[in-house]
Structures are given as C-alpha cells and as structure tokens.
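Data block below; observations after.
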Amino acid sequence: MAKVLILYSTTDGHTVEICNRLQTTIEQAGDSVEIVDLKGDPSLEGRDFDKIVIGASIRYGKHQPVVGDFIKANQATLDAHPNALFSVNVVARKPEKNTPETNPYFQKFLTQIDWEPQNLGVFAGKIDYPSLGPFDRTMIRFIMWMTRGPTDPTQTVEFTDWEKVDEFGQMVAAL
Ligand SMILES: Cc1cc2nc3c(=O)[nH]c(=O)nc-3n(C[C@H](O)[C@H](O)[C@H](O)COP(=O)(O)O)c2cc1C
C-alpha cells in the first residue's frame with residue numbers, strides 16, 4: 001500500500017471536492033491518501049508519502065501564486081517521487097480545451113515553472129453564481145457570455161466530468 005499526498009489550492013472549494021473524489025478512488029485501489037491545503041505553506045520535510053499530486057484552480061486566468069511558489073521550493077522532492085499535477089478551470093468545459101495539451105491555462109502554467117510533472121490532468125470546474133459576491137458574479141457572467149456559457153445568476157452549474165476524475169485517480173493508484 002502506497003501513501004499518496006494530495007496538495008491543493010482552491011478559492012471556492014471545488015478543487016477540494018475533486019481531491020475528495022480522488023481520495024475515494026485511490027483508497028478503493030488500495031493506497032492511502034492525505035489531503036493538504038497549500039495555503040498553509042506546508043513543509044514536505046518529515047512527511048511520509050510515496051506519491052505526490054498537486055491540484056489547483058484557475059481564477060482570473062491564473063493559479064494562485066502559492067502553487068508556483070510551492071513547486072519552485074520543492075522541485076527536487078517532487079521529482080524524487082511519482083507525481084502528477086492537475087488544473088481546474090471552466091474553459092475545460094469545452095471539448096477542444098479539456099486536455100493538458102489543449103488547455104491554455106495549463107500550457108501557460110507549464111511554461112512558467114521549471115518542473116516537468118510526470119502526469120497531467122485538466123478538469124472542468126463549477127460556477128456557483130448565488131455564492132459569489134457581486135463583483136465576481138458580474139465578471140464571471142461576462143466571461144461566460146463571451147465564451148457562450150451559462151449566465152443565469154440564480155444557477156449553479158457543475159461542468160466536472162467525474163468519470164475523468166476517477167480515471168485520474170486510478171492512474172495515480174497505478175503509479
Ligand atoms: C471570479 C471567478 C473567476 C474565474 N476565472 C476563470 C478564468 O479566468 N478561467 C477559467 O477557465 N475559469 C475561471 N473561473 C472558474 C473556476 O476555475 C471554477 O469555478 C473552479 O471550479 C473553481 O475552483 P475552486 O472552487 O477550487 O477555486 C473563475 C471563477 C470565478 C468564480
């Protein structure tokens with residue numbers, strides 16, 4: 001049984017839901033999982049794990065700075081373990097932008113870091129209009145209108161393909 005460490009960065013919690021689903025799939029396959037928030041600036045020193053996964057969401061075109069900072073500070077440790085990186089964003093709801101190779105945010109992020117993750121994933125996120133403040137709601141409605149997505153401010157729309165998340169979890173378990 002291997003120990004999987006999943007580190008995440010989220011703004012509204014959907015990336016945590018994806019991590020929780022990964023935990024279920026990975027544990028069903030026989031590994032154990034620990035999930036840790038990158039916001040707490042966690043240290044890898046003294047932590048007991050065999051594989052490492054990083055997951056982060058996009059907001060206004062970027063992952064939170066803590067993601068790149070963590071990768072930079074821990075690159076040698078990341079490279080010393082089977083590893084994977086995934087991104088969560090709503091552009092990935094579009095079939096032509098839902099792979100690591102075709103997702104513009106993922107591609108841009110990979111050029112900004114020196115690390116070359118061994119495995120990559122992209123998942124479409126969720127828009128929960130009622131939970132957003134007025135500024136964010138207006139901005140994301142505008143982005144959605146521009147990209148022909150849903151704009152009804154009373155709706156919560158989840159684009160995540162959970163089967164794809166499960167496949168990613170099975171891939172991690174097989175590393
Ligand atoms: C204010 C705001 C800005 C966002 N900006 C982008 C964006 O620029 N590109 C994109 O693809 N998704 C964008 N998203 C969608 C998020 O990536 C998506 O909601 C994701 O599920 C958020 O995950 P989290 O809850 O873990 O932060 C944005 C969402 C919000 C609420």
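Source: prediction; values computed, not measured.
Using a cut-off of 4.0 Å between Lys/Arg side-chain N and Asp/Glu carboxylate O, D12 and K126 are scored as not salt-bridged. Between D31 and K3, no side-chain nitrogen of the basic residue sits less than 4.0 Å from a carboxylate oxygen of the acidic one, so the salt-bridge criterion is not met.
Of the possible polar contacts, one joining the R47 side chain to the S43 backbone as a donor-acceptor pair under 3.5 Å is found. Between the N74 side chain and the T77 main chain, no donor and acceptor come within less than 3.5 Å of each other. Between the side chain of Q118 and the backbone N or O of N83, at least one donor-acceptor pair lies under 3.5 Å. A distance-only check finds no donor-acceptor pair linking the side chain of D37 to the backbone of G40 [under 3.5 Å].
By the salt bridge (charged side-chain N to carboxylate O under 4.0 Å, His left out) test, R137 is found to be paired with no residue, residues two or more places apart in sequence or in another chain being considered. The side-chain contact (heavy atoms from CB on, under 4.5 Å) search around V66 returns S9, L38, Q64, not counting sequence neighbours. Legend: residues meeting side-chain contact (heavy atoms from CB on, under 4.5 Å) with T102, ordered by chain and number and at least two apart, are T99. Partners of R93 by salt bridge (charged side-chain N to carboxylate O under 4.0 Å, His left out), not counting sequence neighbours: none found.
Contact record, L85 with L110: CD2-CD2, 4.3 Å, taken as the closest heavy-atom pair. The shortest heavy-atom contact between A29 and A173 is CB-CB, 3.5 Å.
Applying the salt bridge (charged side-chain N to carboxylate O under 4.0 Å, His left out) definition to pairs two or more places apart or across chains, none involves residues 94-119. Applying the ring-ring contact (aromatic ring centres under 6.0 Å, His included) test to every pair with at least one member in residues 113-139, sequence neighbours left out, gives these pairs: F86-F123, F123-F168.
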